[in-house]
Amino acid sequence: MDWSNVTTEDLIEALREVDWSSPPRPLSEFFSRFTVPRSYSKWNSRLKCNLYYYRSNYFIMIVFILGLGFLRRPLAVLAAALTALSIAFLNDSFAGTFSEKVTRTVRQFSPHLAAKMRPPLTPVIRGRPSAKRTIYICGRPRWVFVFIFSSVSFVLWFVSCGLLSVLWAFAIGLLATIIHASFRTPNLKARLNTFREEFRAVWRNYSDL
């Protein structure tokens, strides 16, 4: 795959739809080989490839850096967790898995309530959905949970007086991510994983027809 032809919008869309339940890459692989890119096009391609391939590692690294900055502020730690959860809800796979596990747990105590948490059926016309598929979490549109968790986390950031600290910690996490993605040489596993994800996406689109 030629990552130089992949736009930023395409990368964000791929990160939103890809499965994030896979475990992070081993540290021995994550800190394996670093080289300086030879040109801007090489750097651009390497950056996008590593952001996609090591997405779980970067997410954990940013959350870890945020956690280190708020060890003495319990409210800030809770705010960071809620912020990370609200961001994770933007991923289709995570939202679906979270909703399924919560609904399954509720079903053990109240089957009637679990039935109400099922997503509504999407009308189908001529074998295809009549509108773009909407992601639901526990029977409610995804944006409801994103808005609630984001609002609560913002209030906790304000109460804990850690908003400026989180901005610094988040900036450090992003800087560390960009530095690593820029100098980590993509290996063969990253390229093979990219082709495998492309095949899954094509097959998923074919099966939806």
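Index from 1, following the sequence.
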Using the test ring pair (Phe, Tyr, Trp, His ring centres under 6.0 Å), find all partners of Phe34 that sit at least two apart in sequence or belong to another chain. His180

Considering residues at least two apart in sequence or located in another chain, which fulfil the ring pair (Phe, Tyr, Trp, His ring centres under 6.0 Å) criterion with Tyr40? Trp43

Working to the nearest 0.5 angstrom, can you tell me the gap between [X] [atom1] and [Y] [atom2]?
{"X": "Ser32", "Y": "Leu27", "atom1": "OG", "atom2": "CG", "result": "11.5 Å"}
{"X": "Phe30", "Y": "Met61", "atom1": "CZ", "atom2": "CE", "result": "5.0 Å"}
{"X": "Ser86", "Y": "Ile148", "atom1": "OG", "atom2": "CD1", "result": "11.5 Å"}

With sequence neighbours left out, the residues meeting side chain to side chain donor-acceptor pair (under 3.5 Å) with Arg104 are Glu100

All side chain to side chain donor-acceptor pair (under 3.5 Å) counterparts of Thr35, not counting sequence neighbours: Arg46, Thr185

Are [Y] and [X] linked, directly or through intermediate hydrophobic residues, by side-chain heavy-atom contacts shorter than 4.5 Å (ILVMFWY only)?
{"X": "Leu113", "Y": "Val102", "answer": "yes"}
{"X": "Ile87", "Y": "Ile178", "answer": "no"}
{"X": "Phe31", "Y": "Ile60", "answer": "no"}

With sequence neighbours left out, what residues match [X] under side-chain contact (heavy atoms from CB on, under 4.5 Å)?
{"X": "Leu78", "value": "Leu82, Leu156"}
{"X": "Ala181", "value": "Leu47, Asn50, Leu51, Tyr58"}
{"X": "Ile62", "value": "Leu66, Phe170, Leu174, Thr177"}
{"X": "Leu85", "value": "Phe89, Phe94, Phe149"}

Any non-hydrogen side-chain atom of Arg184 less than 4.5 Å from a side-chain atom of Tyr53? no

Between Ser151 and Phe147, is the side chain to side chain contact (heavy atoms under 4.5 Å, CB included) condition met? List the steps. CA-CA 6 Å; Ser151 301; Phe147 176 77; 3.8 Å; yes

For [X] against [Y], the heavy-atom pair lying closest together:
{"X": "Ser182", "Y": "Pro37", "answer": "O-CD, 3.7 Å"}
{"X": "Gly173", "Y": "Ile65", "answer": "CA-CD1, 3.7 Å"}
{"X": "Ser99", "Y": "Cys138", "answer": "OG-N, 2.9 Å"}

Should the pair Arg55 and Phe59 be classed as cation-pi, given the thresholds of under 6.0 Å to the six-membered ring centre and 45° from the axis? no

Kindly confirm or rule out a cation-pi arrangement of Arg140 over Phe145, judged by NZ or CZ under 6.0 Å from the six-membered ring centre and within 45° of its axis? no

Could you work out, with salt bridge (charged side-chain N to carboxylate O under 4.0 Å, His left out) as the rule, every residue matching Arg107, not counting sequence neighbours? none

Tell me the salt bridge (Lys or Arg N to Asp or Glu O under 4.0 Å) pairs involving residues 142-153, sequence neighbours left out? Asp92-Arg142

What residue pairs, at least two apart or across chains, pass salt bridge (Lys or Arg N to Asp or Glu O under 4.0 Å) with a residue in residues 170-182? none

When you measure from the side chain of Thr83 to the backbone of Ala79, do you find a donor-acceptor pair of N or O atoms at a distance under 3.5 Å? yes

